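Computed from a predicted model, the values in this text were never measured in an experiment.
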Amino acid sequence: MNNTYLLLGSNEGERYDWLRQCLRQIKKNIGTITAQSQVYETAAWGLEDQPDFLNMAVCVETIFEPDIVLSAVQNIEAELGRQRTVKWGQRTLDVDILLIDERIIDQSDLRVPHPFLPERRFALIPLAEIAGYVVHPIFNKTIGELLEQCPDDLEVRSKGHLTGL
């Protein structure tokens with residue numbers, strides 16, 4: 001079994017519904033969700049002239065290898081209307097693989113841990129909520145320590161737990 005940490009995000013349309021549908025698809029196609037953060041709202045990062053994002057982190061216990069998880073995540077995004085037209089652009093759903101156990105993967109289509117994780121408060125805050133003690137396998141620091149040292153000052157606002165699952 002692999003513990004895979006995912007970040008879910010949406011800033012288009014019915015954002016909460018996209019997150020709910022994504023969680024259902026993760027359970028159906030990837031594995032058991034063993035931890036789930038609150039939902040957080042932040043301004044868009046990278047390409048700022050777009051609606052605010054809702055983000056949340058989940059831990060998924062899965063039997064699948066990373067390449068299968070990546071394929072499943074991309075299929076879920078596509079099924080839920082994700083269109084890859086503008087880098088960092090508005091989207092119904094975005095699912096990033098943040099960590100997979102202590103693995104380090106550096107392939108053209110998959111980099112784990114996520115290379116921008118230490119720089120993104122909107123990813124670190126929900127991840128720290130469910131896995132603050134987990135050690136980043138490259139930096140040898142816990143997620144909580146990375147959050148304390150994060151240079152990003154983008155405001156991340158708690159919106160509470162996702163209901164209606």
Side-chain angles (χ1 to χ4, degrees), residues 1-64 66-100 109-117 119-132 134 143 147 150 152-165:
M1 291 294 221
N2 300 310
N3 286 311
T4 300
Y5 294 91
L6 304 175
L7 181 72
L8 287 53
S10 176
N11 76 332
E12 186 174 279
E14 297 297 323
R15 300 175 302 166
Y16 286 99
D17 287 341
W18 294 125
L19 295 177
R20 283 185 196 95
Q21 289 182 57
C22 182
L23 291 172
R24 289 184 197 108
Q25 291 297 319
I26 288 169
K27 291 175 189 175
K28 180 179 174 184
N29 297 302
I30 300 175
T32 303
I33 296 174
T34 58
Q36 176 179 315
S37 77
Q38 297 179 68
V39 175
Y40 294 88
E41 187 172 48
T42 60
W45 190 96
L47 187 60
E48 299 168 6
D49 187 23
Q50 58 182 311
D52 289 351
F53 270 87
L54 292 181
N55 291 295
M56 65 185 300
V58 295
C59 177
V60 183
E61 190 176 76
T62 181
I63 60 171
F64 297 118
D67 59 328
I68 301 298
V69 172
L70 176 63
S71 178
V73 160
Q74 291 172 337
N75 287 339
I76 291 169
E77 289 176 333
E79 286 176 22
L80 297 180
R82 168 81 188 262
Q83 295 181 3
R84 296 178 184 271
T85 54
V86 177
K87 184 174 182 171
W88 294 330
Q90 190 170 320
R91 60 208 96 154
T92 56
L93 184 69
D94 183 40
V95 181
D96 289 331
I97 299 173
L98 300 178
L99 298 166
I100 301 175
D109 61 340
L110 179 61
R111 293 181 63 201
V112 176
H114 192 288
F116 297 120
L117 178 59
E119 303 166 17
R120 293 180 174 175
R121 185 169 298 283
F122 69 85
L124 285 168
I125 286 177
L127 184 58
E129 181 184 330
I130 63 170
V134 170
I143 298 305
L147 176 57
C150 181
D152 180 12
D153 61 359
L154 196 63
E155 181 184 9
V156 179
R157 302 171 299 279
S158 172
K159 302 300 275 182
H161 289 280
L162 191 61
T163 58
L165 293 175

Nearest 0.5 Å please: distance from the [atom1] atom of [X] over to the [atom2] atom of [Y].
{"X": "Arg120", "Y": "His114", "atom1": "CZ", "atom2": "NE2", "answer": "5.0 Å"}
{"X": "Asp94", "Y": "Leu6", "atom1": "CG", "atom2": "CG", "answer": "11.0 Å"}
{"X": "Met1", "Y": "Phe64", "atom1": "CE", "atom2": "CZ", "answer": "10.0 Å"}
{"X": "Thr92", "Y": "Trp18", "atom1": "OG1", "atom2": "CH2", "answer": "5.0 Å"}
{"X": "Ile100", "Y": "Thr4", "atom1": "CD1", "atom2": "OG1", "answer": "4.5 Å"}
{"X": "Arg24", "Y": "Ile26", "atom1": "CZ", "atom2": "CD1", "answer": "12.0 Å"}

Sequence neighbours left out, what passes side-chain hydrogen bond (donor to acceptor under 3.5 Å, both in side chains) with [X]? Give chain and number order.
{"X": "Gln25", "answer": "Asn29"}
{"X": "Asp152", "answer": "none"}
{"X": "Arg20", "answer": "Asp17"}
{"X": "Arg121", "answer": "none"}

By side-chain contact (heavy atoms from CB on, under 4.5 Å) - contacts of [X] (at least two apart):
{"X": "Ala72", "answer": "Ile30"}
{"X": "Asp109", "answer": "Leu70, Gln107"}
{"X": "Cys59", "answer": "Asn3, Tyr5, Thr34, Ala35, Ile130"}

Of all heavy-atom pairs between [X] and [Y], which one has the smallest distance, and what is that distance?
{"X": "Leu99", "Y": "Pro113", "answer": "CD2-CB, 3.6 Å"}
{"X": "Gly9", "Y": "Phe53", "answer": "C-CD2, 4.1 Å"}
{"X": "Leu8", "Y": "Cys22", "answer": "CD2-SG, 3.7 Å"}
{"X": "Pro51", "Y": "Asn11", "answer": "O-ND2, 3.0 Å"}
{"X": "Ala123", "Y": "Leu117", "answer": "CB-CD1, 3.8 Å"}
{"X": "Gln50", "Y": "Ala44", "answer": "CG-CB, 3.3 Å"}

Enclosure of Glu119 CD (heavy-atom neighbours >12, cutoff 6.0 Å): yes
Which donor-acceptor pairs under 3.5 Å do the side chains of residues 155-163 make with protein atoms, sequence neighbours left out?
residue: Arg157; atom: NH2; partner: Asp52; partner atom: OD2; Å: 3.1
residue: Ser158; atom: OG; partner: Gln38; partner atom: OE1; Å: 2.7
residue: Ser158; atom: OG; partner: Gly160; partner atom: N; Å: 3.3

Going by heavy atoms in the side chains, are Ile97 and Pro66 under 4.5 Å from each other? no
For a side chain to side chain contact (heavy atoms under 4.5 Å, CB included) check, start with the C-alpha distance between Leu127 and Leu7, then their side-chain angles and the critical distance, and finish with the verdict. CA-CA 8 Å; Leu127 184 58; Leu7 181 72; over 6 Å; no
Pair Leu23, Gln36 - check side chain to side chain contact (heavy atoms under 4.5 Å, CB included), show working. CA-CA 10 Å; Leu23 291 172; Gln36 176 179 315; 3.8 Å; yes
